Protein chains: 2
Amino acid sequence: MTHEAKTVSEQTRERLLDAAREAFSQHGFQGATVREICRRAEANVAAVNYHFGNKDGLLAEALNFAPLKAMQLANAKADGNPEVRLRLFIRDFMLMLLDETNGSLPCRIMARELADPTPALDKIVREAIAPLHDFLGKLLREIAGGKTGEAELRRCMHSILGQCLYYRHSHPVLQRLHPKLRYDHKKIETIAEHIADFSLAGIGYISGKTCA
Amino acid sequence: MTHEAKTVSEQTRERLLDAAREAFSQHGFQGATVREICRRAEANVAAVNYHFGNKDGLLAEALNFAPLKAMQLANAKADGNPEVRLRLFIRDFMLMLLDETNGSLPCRIMARELADPTPALDKIVREAIAPLHDFLGKLLREIAGGKTGEAELRRCMHSILGQCLYYRHSHPVLQRLHPKLRYDHKKIETIAEHIADFSLAGIGYISGKTCA
DNA sequence: GAGCGTATCAAACGTTTGTTTGAATGTAAA
DNA sequence: TTTACATTCAAACAAACGTTTGATACGCTC
């Protein structure tokens with residue numbers, strides 16, 4: 001009874017979380033309304049406050065950084081070549097940000113809340129972004145070599161993250177500029193490949209500058 | 001009387017516009033409230049609707065793309081070396097996005113509204129972003145040479161804009177990761193220089209790939 | 001100074017928001 | 001079946017929002 005079948009209460013909890021992830025990733029925390037979330041979850045308006053205390057609690061529980069951490073773990077165990085691992089990281093990260101079929105909405109919620117501080121931003125920074133920066137920083141250190149300064153390396157990291165996040169943040173604009181635009185799996189990989197090529201060349205130049 | 005001294009009505013109009021630019025760039029269009037704007041402009045709540053019809057009208061008039069266009073015009077007339085002109089563009093763009101003393105808030109409002117469609121987004125795209133893309137596209141074409149494909153060139157443009165916008169979009173997060181962080185004129189130029197170095201190396205690699 | 005159009009004001013409007021309430025319903029043990 | 005608790009529900013709550021109103025004060029022309 002504690003193990004197998006989910007109680008009906010746990011089912012509505014999960015329906016609420018799913019609907020919340022959808023709504024938050026689409027309209028942001030402020031833009032998404034409790035009523036709309038409950039409607040999509042086929043639950044009563046009071047359900048959010050009963051199960052999660054309030055809207056903030058719903059956001060906190062809707063965030064799930066497991067896919068992001070799993071991605072980093074798998075990457076660390078992959079082929080030892082750091083440049084290939086950077087390519088893999090960029091590809092996986094872009095898929096999380098753009099691929100509709102991926103289902104990793106928490107990553108897209110995160111991206112949305114970067115610019116617009118939310119009650120949950122401290123938790124997001126602490127549990128997701130800081131570890132991500134650590135991971136990517138170490139990976140770039142392997143590629144750039146020990147001579148490259150800490151500040152230069154961090155700027156390279158920002159250059160990579162900036163390129164990736166751009167496609168998510170500016171999607172409404174790019175959609176208006178190129179109405180026929182749609183990101184399928186193939187197109188995402190092409191973009192990821194470009195970012196990797198572009199960035200590896202950039203890192204090579206930056207790290208070479210200080211070594212020369 | 002039509003030329004020199006501003007009527008008291010025009011003064012409150014300008015106070016409202018200034019307060020609106022401040023509020024929209026800080027809290028976004030949704031987050032900023034008409035009441036807060038009027039309070040900071042020392043005007044009555046009804047002033048917005050009297051002078052601009054409604055909140056949307058206030059946003060539309062608060063946007064001013066003149067600085068952005070002037071920057072592009074000055075850039076086009078500058079030193080003919082396209083690589084130097086790209087460096088200049090990145091520097092000026094970053095100053096608009098980050099420098100507090102610059103006063104080009106419309107640029108920061110624009111950056112904020114990229115991800116969150118607003119009643120004015122269509123106007124922003126048509127009058128500011130599309131021309132900006134044209135300008136930057138042509139500049140990159142000069143640098144990359146005629147052999148580089150249109151798609152590759154556009155992706156390079158996205159790489160550059162992504163790097164620049166990252167520092168604006170992720171400012172709340174970077175602030176939390178490095179609490180001592182503050183962008184002064186000197187620091188912004190250092191970042192702009194990095195982005196230019198990083199990107200020119202990237203463009204060199206991308207354009208070389210297709211020419212080889 | 002009278003008259004007129006413009007601009008400002010306090011106050012209220014109608015909605016929408018997140019949240020709370022108390023009754024009704026469901027679930028599971030005694 | 002009865003009892004006790006957990007969950008759902010319709011309804012209402014208080015607060016905040018953009019907007020409207022009608023009266024008041026101002027600036028200008030005649």
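Keep in mind that what you see is a predicted model, and the values were worked out from it rather than measured. Below, chain A is the first sequence line, B the second, and so on; all start at residue 1.
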request  = Can you spot which of M71(A), R87(A), Q72(A) makes a side-chain contact (heavy atoms from CB on, under 4.5 Å) with D92(A)?
outcome  =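 Single pass found, and it is M71(A).
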Quick one: bend of the helix from dG1(C)-dC30(D) to dA30(C)-dT1(D) from 5 pairs per end, to 10°?
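Answer rounded to 10°: the end axes differ by 10°.
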How long is the line joining [atom1] of [X] and [atom2] of [N], in whole Å?
X      : N       : atom1 : atom2 : answer
E36(A) : dG18(C) : CD    : P     : 11 Å
Q11(A) : dT27(C) : CD    : P     : 11 Å
K55(A) : dT16(C) : NZ    : P     : 16 Å
E10(B) : dC28(D) : CD    : P     : 12 Å
N49(A) : dT17(C) : CG    : C1'   : 12 Å
R13(A) : dT8(D)  : CZ    : P     : 11 Å

Return the nearest nucleotide to the side chain of [X]; candidates are [options].
X      : options                  : result
Y50(B) : dT8(D), dT6(C), dT19(D)  : dT6(C)
T12(A) : dG18(C), dT8(D), dT20(C) : dT8(D)
T33(A) : dT19(C), dT17(C), dT8(D) : dT17(C)

Does NZ in K123(A) sit with more than 12 non-hydrogen atoms of other residues, nucleotides or ligands closer than 6.0 Å?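 Result for NZ/K123(A): enclosed.
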Anything under 3.5 Å between a protein N or O and an N or O of nucleotides 23-27 of chain D, put it in a table, one pair a line.
none

task = Answer yes or no: does a side-chain N or O of H51(B) lie under 4.0 Å from OP1 or OP2 of dT8(C)?
result =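 True: H51(B) side-chain N/O within range (under 4.0 Å) of dT8(C) OP1/OP2.
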For A20(A) and A62(A), which heavy atoms make the closest approach, and how far apart are they?
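It is CB-CB, 4.5 Å.
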Looking only at heavy atoms, what is the nearest atom pair of A78(A) and R85(A), with distance?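 Taking A78(A) first and R85(A) second, the nearest heavy atoms are O-CD, 4.2 Å.
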ask   = Does F52(B) have any ring-ring contact (aromatic ring centres under 6.0 Å, His included) partners at least two apart in sequence or in another chain, and if so, which?
value =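 Scan of F52(B) (ring-ring contact (aromatic ring centres under 6.0 Å, His included), adjacent residues dropped) gives none.
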With sequence neighbours excluded, residues passing ring-ring contact (aromatic ring centres under 6.0 Å, His included) with F29(A):
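Once residues adjacent in sequence are excluded, the partners of F29(A) under the ring-ring contact (aromatic ring centres under 6.0 Å, His included) criterion are F24(A).
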Margin query: Does the plane of the ring in F198(A) sit parallel, tilted or perpendicular to the ring in H194(A)? Use 30° and 60° as the thresholds.
Written below: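 Taking H194(A) first and then F198(A), their aromatic rings sit tilted (interplane angle of 30° to 60°).
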- Look at the rings of Y167(B) and H158(A) and say which category their plane angle falls in: under 30° parallel, 30 to 60° tilted, over 60° perpendicular.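 Because their plane-to-plane angle is over 60°, the rings of Y167(B) and H158(A) count as perpendicular.
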Keeping the roles fixed (side chain from N44(A), backbone from A47(A)), state whether a donor-acceptor pair exists under 3.5 Å.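 Answer holds: no.
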Quick tally for nucleotides 9-14 of chain C: nucleotides whose base has a protein heavy atom under 4.0 Å get B, sugar-phosphate-only ones S, the rest -, giving BB-B--
Suppose the criterion is side chain to side chain donor-acceptor pair (under 3.5 Å): which pairs have a residue in residues 17-36 of chain B, not counting sequence neighbours?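 Residue pairs passing side chain to side chain donor-acceptor pair (under 3.5 Å), neighbours aside: E36(B)-R39(B).
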**Asked** Can the ring centres of H171(A) and Y183(A) be said to be less than 6.0 Å apart?
**Response**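 Close enough - the centres of the two rings lie under 6.0 Å apart.
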